[in-house]
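Okay, so here's the structure we're looking at.
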Number of protein chains: 2
Amino acid sequence: MEAKNKLRMTKQRQVILEELRKVKTHPTADDMYQMLRKKMPKISLGTVYRNLEILSESGIIQKLDVGGTQKRFDGDITIHSHVRCIDCGRVGDIDVTPKYNLEAEAQKMTDFMIFRHRLEFTGLCPICQHKKKATS
Amino acid sequence: MEAKNKLRMTKQRQVILEELRKVKTHPTADDMYQMLRKKMPKISLGTVYRNLEILSESGIIQKLDVGGTQKRFDGDITIHSHVRCIDCGRVGDIDVTPKYNLEAEAQKMTDFMIFRHRLEFTGLCPICQHKKKATS
DNA sequence: CTATTTGATAGAAATAATTACTAATTACAT
DNA sequence: ATGTAATTAGTAATTATTTCTATCAAATAG
């Protein structure tokens, strides 16, 4: 019943972690797969999924659920929020630190035991802003 | 090419809307399907999906994306946040109105054009709190 | 009132994203 | 170096959702 947590640092796991930390985007599992197979052509999509899952479970990376059909991943585990472009799905970072304790505020309103919050924004990325302008 | 917006109030659509407004939970499409087929045994899962989509697109209900694998729906379209139980997935309402303009704050930090925000909490629902207590 | 067109339905099939299975391989402690 | 449990590639299966198709019913035209 104990969590053994024997994490082996395989080549695949290492490359996945390195690559995710390198990019400033927030790739989906498939994005990662496409990126990775350039360096490691025989890597399998299942391996990418499994490792992203394992790495996020052990808190080494972050799994994002910012809307849209696919999960995304972030190598930056510091506290920050995200914006998602409603047109193209691109996800960017935003550093907004709420000026008061949202969890405490929320705790007053519910019988759930509150652990943490997630603040996310929706908007238009620079590229899609330009496209909109061109169309009008 | 114009948005005609001809919404026919069919029996199925009506029952879906009524049922969603009646419950205080935040059912998935399949939850709805299971609930609805008790009243309307021949209703199709596709119809449930399509109508929840149509109703949320026209702003009559809300489509939620609070994590987990399935989308959820909310008949309450007033501004409010949600908590999701990390154990069972149950979703509850929380009325926290941030005391300052989060969008404006975020806009300073990004070149995305910010439209709106979404604030969500994670925690343990009352039922799972009890289960945890019993186990310890 | 009857015909037409338009939107909606049930049921099945298709697609997309993710997870599970299996035999072969590999990292790592001894 | 060797044993063994973890991990892999490749494939199959599953899950959630969307699309397709033939049919049906309401609304509108004549």
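To find a chain, count down the sequence lines: A is the first, B the second, and so on, and within it residues start at 1. The model shown is predicted, which means the values in this text are computed figures rather than measured ones.
- One atom, CZ of A:R37, and another, P of D:dT8, lie 17 Å apart when rounded to the nearest Å.
- Between the CE atom of A:M9 and the CD atom of A:Q14 there is a distance of 6.0 Å, given to the nearest 0.5 Å.
- Checked against side chain to side chain contact (heavy atoms under 4.5 Å, CB included), A:Y33 has the following partners two or more places apart in sequence or in another chain: A:D30, A:R37, A:I43, A:L45, A:V48.
- With sequence neighbours excluded, the residues satisfying side chain to side chain contact (heavy atoms under 4.5 Å, CB included) with A:T25 are A:V23, A:P27.
- Look at B:R21 and B:E19 and you find no salt bridge, because none of the NZ, NE, NH1 or NH2 atoms lies under 4.0 Å from a carboxylate O.
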Taking N or O atoms only and anything under 3.5 Å, show me the protein contacts with nucleotides 3-5 of chain C, one pair per line.
none

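- Atoms CD (A:E57) and P (D:dT7) sit 12 Å apart, rounded to a whole Å.
- End-to-end axis angle for the helix from C:dC1-D:dG30 to C:dT30-D:dA1, using five pairs per end and rounding to 10°, comes out at 30°.
- Classification of the B:H80-B:H26 ring pair by plane angle, with boundaries at 30° and 60°, yields tilted.
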- Could you run through nucleotides 18-25 of chain C and give me one letter per nucleotide, 5' to 3': B if any protein heavy atom sits under 4.0 Å from the base, S if only the sugar-phosphate is that close, - if neither? BB------
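- Contacts with DNA chain C (heavy atom under 4.0 Å) in residues 8-19 of chain A: A:R8, A:M9, listed by number.
- Between B:R72 atom CZ and D:dT17 atom P there is a gap of 10 Å when expressed in whole angstrom units.
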